[in-house]
Number of protein chains: 2
Amino acid sequence: MAALAKLLEVAPSALYNHVSSKQDVLLLVEDHLMSLVDVSSFGAAPWDDAVRTWAWSYRNVFAEHTPLIPVIAVLPVTDAPQTLAMYETVSKGFLDAGFPQERIISAIVALESFIFGSAYDVTAPEDIFDPGTMAESTPYFTAAVRGAAGTALRAADAAFILGLDALIDGLGSLRREAD
Amino acid sequence: MAALAKLLEVAPSALYNHVSSKQDVLLLVEDHLMSLVDVSSFGAAPWDDAVRTWAWSYRNVFAEHTPLIPVIAVLPVTDAPQTLAMYETVSKGFLDAGFPQERIISAIVALESFIFGSAYDVTAPEDIFDPGTMAESTPYFTAAVRGAAGTALRAADAAFILGLDALIDGLGSLRREAD
DNA sequence: ACCTGAACACCGTTCAAGT
DNA sequence: ACCTGAACACCGTTCAAGT
């Protein structure tokens, strides 16, 4: 709140004429960020391409705002119009792609869970898996870390691609018809 | 720090004789929590069963400590012995199951991202997806939410099962041999 | 309607002083 | 070696007083 007030060149207490709490501000920020998530491929491209485009932009938006993740993950969607608009487009995309009604929310939540977790990875230090002085007592892990270093991709991106492909394949098999 | 000091019946400043910062305390807590994650099925059960057991216990441990997730997701693993021990067992399990060396870390990170995101869902309010007054402007989403309500499972569990199955199937296809 | 400034109850952390 | 208590620079929030 102090930082926001400074940005607006106003006393912190002045903010409380416009919002009733910090939580309130976070809800407004969340709703704005959701409007930045790209849902334009739903209806315009095959389901798996649309999910991929949506998931990447969703992850990238929140990778730049990780402190919001704990808030959003638990924040009711009520009265957040942009957020609801995103869910509406995605839900329709899943239904049109042949998903059974009763699995759509679970499928979206599963993807979102993966997306939020992956957003953190983007901000993690490159050497997060450095075993340090304990390298010789963890030979398998150390070898795996060394083996992964060869890739051109950032570690977070390699994991995101792998997981997203798996989720799209696995969830896609729930569909009744192709689309 | 204040709460911890109270629990120990000591002044907050006394803690700094034992740790050098709050971050330090969090690392110790993280390491302890990691020792609670069940890796016992690796080597004792088929790979997919072992992953399922590990993922469920991992999610459940952190669902009860969600404030730690932003910290852990970004905390270097160096000098966290229990954490390294967990990664060592899991890495060996993946290698023995036929995973190519250079994909093991990515596969584990993808699973962890999903697990951390899913841990938040457990703590979310039941009505997090209630569209409220905007129900009629979001018909597809509202129908999907209503359609999901029929399940006996908690919403977080239904999504976790769905996503975990998809990840296990998709990642499992990277293996060179069955095990 | 919207602002300021003082105040309150909290944070994490430092440091001089004790035992 | 480990503690206390005062102090510091911060939080989010309330509220009386202003315009």
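When reading the values below, keep in mind they use all heavy atoms of this one structure, side chains included, and skip hydrogens, waters and symmetry mates. Chain letters run A, B, ... following the sequence lines, proteins first, then strands; residues in each count from 1.
Screening residues 120-147 of chain A for side chain to side chain donor-acceptor pair (under 3.5 Å), with sequence neighbours left out, gives A/Y120-B/Y120, A/D121-B/S113, A/E126-A/R154, A/T138-A/T142. Listed by first then second residue, pairs satisfying ring-ring contact (aromatic ring centres under 6.0 Å, His included) with a partner in residues 72-105 of chain B read A/F129-B/Y87, A/F141-B/Y87, B/W47-B/F94, B/W47-B/F99, B/F94-B/F99, not counting sequence neighbours.
Proximity of residues 15-23 of chain A to DNA chain C (heavy atom under 4.0 angstrom from any strand atom) is restricted to A/N17, A/H18. Within residues 4-11 of chain B, no residue has any heavy atom under 4.0 Å from DNA chain C.
For A/A80, the side chain to side chain contact (heavy atoms under 4.5 Å, CB included) criterion is met by A/L27, A/D31, A/T83, not counting sequence neighbours. In this structure, A/T151 has no side-chain hydrogen bond (donor to acceptor under 3.5 Å, both in side chains) partners at least two apart in sequence or on a different chain. By the side chain to side chain contact (heavy atoms under 4.5 Å, CB included) test, B/H65 pairs with B/L33, B/L68, sequence neighbours left out. Every residue two or more places apart in sequence or in another chain that forms a side-chain hydrogen bond (donor to acceptor under 3.5 Å, both in side chains) with B/R52 is listed here: B/D165. Applying the side chain to side chain contact (heavy atoms under 4.5 Å, CB included) rule to A/A110 yields the partners B/F114; only residues at least two apart in sequence or on another chain are considered. In this view, B/A11 and B/S13 satisfy the side chain to side chain contact (heavy atoms under 4.5 Å, CB included) rule, not counting sequence neighbours.
Using a 4.0 Å heavy-atom distance criterion, B/A14 is classed as a base contact.
Nucleotides of DNA chain D that come within less than 4.0 Å of any heavy atom of chain A span, from the 5' end to the 3' end, D/dC11 to D/dC15.
DNA chain C contains the following stems of three or more consecutive Watson-Crick or G-U pairs, with both distances under 3.5 Å: C:4-8 with D:12-16, C:12-16 with D:4-8.
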